**Student:** 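Starting off with a structure, shown below.
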Amino acid sequence: MSKWPIGVFTSIDAGLGVHLDVVEELGIPTVQVHAPHEKTRTPEAARAFIDRCRKAGVTVTCVFGGFEGESYADIETTARTVGLVPEATRAERIREMKEISDFAKLLGCDTVGLHIGFVPADRTSAAYKSLIDATRDLLDHVAKNGQRLHLETGQETADHLLEFIHDVDRQNLAINFDPANMILYGTGNPIEALMKVGRHVKSVHCKDAKWAPERQRGESWGTEVALGDGDVNIELYLRVLKSFGYEGPLTIEREIAHDRARQKADIGQAVALLENLKRTIG
Ligand code: MG
C-alpha cells in the first residue's frame with residue numbers, strides 16, 4: 001500500500017459511516033468498517049462484502065465494534081453506555097467483540113477497533129483493575145486471530161490513555177487517533193495529545209470539530225464539522241503524524257448519517273484537502 005492512502009469510515013448495515021456506493025463513486029482506496037449486526041456477521045456476508053470491495057479496488061483496514069444500547073446523546077450518557085467500561089454489559093460485549101474479531105479475520109483484516117469507554121481515573125480502583133483483566137482477555141483472543149486492537153481516542157486524556165496501555169501490557173494494543181474527539185469530549189488539545197501518544201498510533205481518523213465554549217468543555221459536546229473547517233489544524237496534524245513515521249491510511253470520518261447528501265459532499269471536500277496536503281507535505 002502506498003503511503004497515506006485515503007480512507008473513509010464505512011458502515012455495512014450499522015453505525016454512522018457512509019455506504020460503500022459513496023466509496024466507489026469517490027474512488028477511495030481504503031475503508032474502516034463498522035461491524036455489521038450480529039445476524040449479518042456470517043461467512044456468506046463476509047464473502048459478499050470482500051467480493052464487492054475487490055471489484056471496487058477497496059482494502060478493508062480496520063473493523064470497528066459497536067454495541068446495542070450504546071448512546072452518544074450527551075457526554076454523561078456516553079460515559080454510562082459506551083464500550084467495555086459499563087460492567088452490566090461487559091461480559092456480553094466482550095463475547096460479541098471476540099465474534100467481531102473473528103468476522104474481521106474472515107474479511108482478511110488484521111485490525112479491530114473499539115471505543116472502550118471512559119477508563120476509570122483511579123488506577124488503584126477495582127473498576128480499573130477489572131477493566132484491565134477484561135481488555136487482556138479480549139486482546140489474547142484478538143492475538144490468536146493475528147490481529148491488533150486499536151483504541152479510539154477522546155474519552156481519556158492522552159496521559160491516562162498512556163497509563164492504561166502501559167498497565168494492560170500487551171503487544172497488540174495500539175491507538176486509533178481521532179483528533180476531533182479530543183475537542184468534542186474536551187479531553188485536551190489534539191496536537192499536544194498526538195505528540196504524547198504518537199508512538200502507539202497505528203491508525204487515524206481525519207475528522208474535525210470546534211470546541212464547546214470553555215466553561216462547558218467536558219460537559220457539553222463540541223461540534224463536529226467538515227474536515228478543514230474546525231479547530232484541529234489538519235496540516236499540523238499530518239506534519240506531526242509524519243514526524244512519528246506514520247504512513248498508514250488517512251481515514252476520513254463524517255458522522256452525519258442523517259444527511260447523506262451533505263455527508264458525501266463533505267467527504268469529497270476532505271479528500272481534496274488531504275490529497276492537496278499529501279502533495280505539499282507527504
Ligand atoms: Mg473516530
Side-chain angles (χ1 to χ4, degrees), residues 5-20 22-23 28 30-41 45-46 49-50 53 58-72 78 81-86 89-90 92-119 135 138-139 141-142 145-156 161 172-182 184-185 200-207 224 248-257 263 267:
I6 304 289
V8 67
F9 194 88
T10 313
S11 60
I12 302 176
D13 61 12
L16 294 173
V18 295
H19 293 153
L20 206 56
V22 175
V23 180
I28 294 173
T30 76
V31 290
Q32 291 189 355
V33 182
H34 191 285
H37 291 301
E38 188 150 19
K39 284 197 296 290
T40 36
R41 286 199 296 265
F49 190 70
I50 295 171
C53 287
V58 172
T59 303
V60 179
T61 60
C62 179
V63 178
F64 256 85
F67 309 104
E68 286 298 320
E70 291 187 323
S71 168
Y72 292 86
T78 305
T81 64
V82 167
L84 304 182
V85 172
T89 47
R90 183 181 293 161
E92 169 58 19
R93 287 179 177 178
I94 295 265
R95 184 200 63 73
E96 192 170 354
M97 197 60 210
K98 288 177 180 175
E99 211 178 271
I100 288 168
S101 160
D102 297 345
F103 182 77
K105 191 179 180 190
L106 292 176
L107 294 179
C109 182
D110 67 0
T111 306
V112 289
L114 182 67
H115 266 290
I116 201 164
F118 285 66
V119 173
T135 307
L138 173 59
L139 283 165
H141 182 94
V142 166
N145 281 335
Q147 296 163 330
R148 287 190 311 251
L149 175 71
H150 292 185
L151 298 180
E152 174 88 349
T153 54
Q155 293 159 349
E156 293 73 41
L161 189 58
N172 63 331
L173 181 61
I175 291 173
N176 182 84
F177 194 87
D178 185 325
N181 281 354
M182 307 301 297
L184 292 169
Y185 286 88
H200 295 285
V201 172
K202 302 285 187 203
S203 61
V204 301
H205 286 163
C206 292
K207 188 170 91 185
E224 195 216 339
L250 302 176
T251 303
I252 298 159
E253 197 177 25
R254 186 70 175 108
E255 300 181 308
I256 47 169
Q263 187 183 42
I267 289 167

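This one's a predicted model, so the numbers in the text were calculated from it and none came from an experiment.
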**Student:** Do R41 side-chain atoms and P36 backbone N/O form a donor-acceptor pair below 3.5 Å?
**Tutor:**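 Such a contact is found between R41 side chain and P36 backbone.
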
**Student:** How about CD on E68, more than 12 heavy atoms from neighbouring residues, nucleotides or ligands closer than 6.0 Å, or not?
**Tutor:**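 For E68, atom CD is not crowded (no more than 12 foreign heavy atoms under 6.0 Å).
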
**Student:** I need the minimum non-hydrogen distance between A104 and V112, along with the two atoms involved.
**Tutor:**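 Nearest pair, atom of A104 first, then V112: CB-CG1, 3.7 Å.
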
**Student:** Hey, what's the ring geometry for F64 with F9, parallel, tilted or perpendicular (30° and 60° as the breaks)?
**Tutor:**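 Perpendicular.
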
**Student:** Checking the side chain of R90 only, and the main-chain atoms of V85 only, is there a donor and an acceptor separated by less than 3.5 Å?
**Tutor:**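 The answer is yes, because a donor-acceptor pair under 3.5 Å joins these two groups.
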
**Student:** When rounded to the nearest 0.5 angstrom, what is the spacing between CG in L138 and CG in L149?
**Tutor:**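 Interatomic distance, L138 CG to L149 CG, rounded to 0.5 Å: 5.5 Å.
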
**Student:** Let's go through N181 and T153 carefully: what are the C-alpha distance in whole Å and the side-chain angles of both, what is the deciding distance for side chain to side chain donor-acceptor pair (under 3.5 Å) to 0.1 Å, and is it a yes or a no?
**Tutor:** CA-CA 7 Å; N181 281 354; T153 54; 5.2 Å; no

**Student:** Output all residues satisfying salt bridge (charged side-chain N to carboxylate O under 4.0 Å, His left out) with K98, sequence neighbours left out; order by chain, then residue number.
**Tutor:**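 Checked K98 against salt bridge (charged side-chain N to carboxylate O under 4.0 Å, His left out); matches are D137.
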
**Student:** Carefully, step by step, assess F67 and M97 under the rule side-chain contact (heavy atoms from CB on, under 4.5 Å).
**Tutor:** CA-CA 9 Å; F67 309 104; M97 197 60 210; 4.0 Å; yes

**Student:** Taking ring pair (Phe, Tyr, Trp, His ring centres under 6.0 Å) as the definition, give me every residue that meets it alongside F118, ordered by chain and number, with sequence neighbours left out.
**Tutor:**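 Checked F118 against ring pair (Phe, Tyr, Trp, His ring centres under 6.0 Å); matches are Y185.
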
**Student:** Residues two or more places apart in sequence or in another chain: which of them pass salt bridge (charged side-chain N to carboxylate O under 4.0 Å, His left out) with E92?
**Tutor:**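 Per chain and number, E92 pairs via salt bridge (charged side-chain N to carboxylate O under 4.0 Å, His left out) with R95.
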
**Student:** Quick check against the 3.5 Å criterion: does T10 have a side-chain atom that pairs as donor or acceptor with the backbone of H19?
**Tutor:**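 No; judged by distance alone, with no hydrogens or angles, the pair does not exist.
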
**Student:** Could you check whether any side-chain heavy atom of I100 comes within less than 4.5 Å of a side-chain heavy atom of L114, counting everything from C-beta outward?
**Tutor:**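 Heavy-atom side-chain distance check fails, nothing below 4.5 Å.
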
**Student:** Who passes salt bridge (charged side-chain N to carboxylate O under 4.0 Å, His left out) against E152, sequence neighbours left out?
**Tutor:**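 Result, salt bridge (charged side-chain N to carboxylate O under 4.0 Å, His left out) vs E152: none returned.
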
**Student:** Looking at every non-hydrogen atom in both residues, tell me the closest pair between I50 and L106 and how far apart they are.
**Tutor:**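 Smallest heavy-atom distance, with atoms named: CD1-O, 3.1 Å.
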
**Student:** Quick one: closest heavy-atom pair of E70 and G83, and the distance?
**Tutor:**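 The answer is OE2-N, 2.8 Å.
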
**Student:** Measure the CD1-CG distance between I116 and L173 for me, rounded to the nearest 0.5 Å.
**Tutor:**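 Rounded to the nearest 0.5 Å, the CD1-CG separation comes out at 7.5 Å.
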
**Student:** If you define the side chain from C-beta out and look only at heavy atoms, does anything of V58 sit under 4.5 Å from I28?
**Tutor:**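 Counting from C-beta outward, V58 and I28 never come under 4.5 Å.
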
**Student:** Could you list the residues that satisfy salt bridge (charged side-chain N to carboxylate O under 4.0 Å, His left out) with E156, not counting sequence neighbours?
**Tutor:**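 Salt bridge (charged side-chain N to carboxylate O under 4.0 Å, His left out) check on E156 returns nothing, list empty.
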
**Student:** State, yes or no, whether a side-chain contact exists between Q32 and H205 at a heavy-atom distance under 4.5 Å.
**Tutor:**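 Yes, their side chains come closer than 4.5 Å.
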
**Student:** Hey, could you give me the NZ/CG distance between K105 and N145, rounded to the nearest 0.5 Å?
**Tutor:**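 So the NZ of K105 and the CG of N145 are separated by 5.0 Å.
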
**Student:** Could you check if a side-chain atom of N176 sits within less than 4.5 angstrom of a side-chain atom of T251, using non-hydrogen atoms only?
**Tutor:**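 No, their side chains stay 4.5 Å or more apart.
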
**Student:** Which atom pair, heavy atoms only, marks the closest approach of S101 to Q147?
**Tutor:**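 For S101 versus Q147, the nearest heavy atoms are OG-OE1, 2.5 Å.
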
**Student:** Using modelled atom types and a 3.5 Å cut-off, is there a donor and acceptor pairing between side-chain atoms of T61 and backbone atoms of V31?
**Tutor:**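 Yes, the answer is positive, given that a donor and an acceptor are paired below the 3.5 Å cut-off.
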
**Student:** For a 4.5 angstrom cut-off between non-hydrogen side-chain atoms, does V204 reach L250?
**Tutor:**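 Counting from C-beta outward, V204 and L250 do come under 4.5 Å.
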
**Student:** Has E224 got a side-chain atom pairing as donor or acceptor with E255's backbone, closer than 3.5 angstrom?
**Tutor:**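 Judged by distance alone, yes, a pair lies under 3.5 Å.
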
**Student:** Check for a donor-acceptor pair, side chain of T111 on one end and backbone N or O of C109 on the other, with a separation under 3.5 Å.
**Tutor:**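 No, because the side chain of T111 does not come within donor-acceptor range (under 3.5 Å) of the backbone of C109.
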
**Student:** Not counting sequence neighbours, which residues clear ring pair (Phe, Tyr, Trp, His ring centres under 6.0 Å) with H115? List them please.
**Tutor:**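 If we apply the ring pair (Phe, Tyr, Trp, His ring centres under 6.0 Å) test to H115, skipping adjacent residues, the hits are Y72.
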
**Student:** For a quick test of reading the model, state the closest non-hydrogen atom pair linking Q155 to V82 and the distance between them.
**Tutor:**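 Smallest interatomic distance, heavy atoms only, reads NE2-CG1, 4.0 Å.
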
**Student:** CG/D178 to NZ/K207 distance, rounded to the nearest 0.5 angstrom?
**Tutor:**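 D178 atom CG to K207 atom NZ measures 4.0 Å (nearest 0.5 Å).
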
**Student:** Do the non-hydrogen side-chain atoms of V22 and Q263 ever get within less than 4.5 Å of each other?
**Tutor:**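 Not touching, per the 4.5 Å side-chain cut-off.
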
**Student:** Shortest non-hydrogen contact from R93 to P86?
**Tutor:**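 Looks like NH1-CG, 4.3 Å.
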
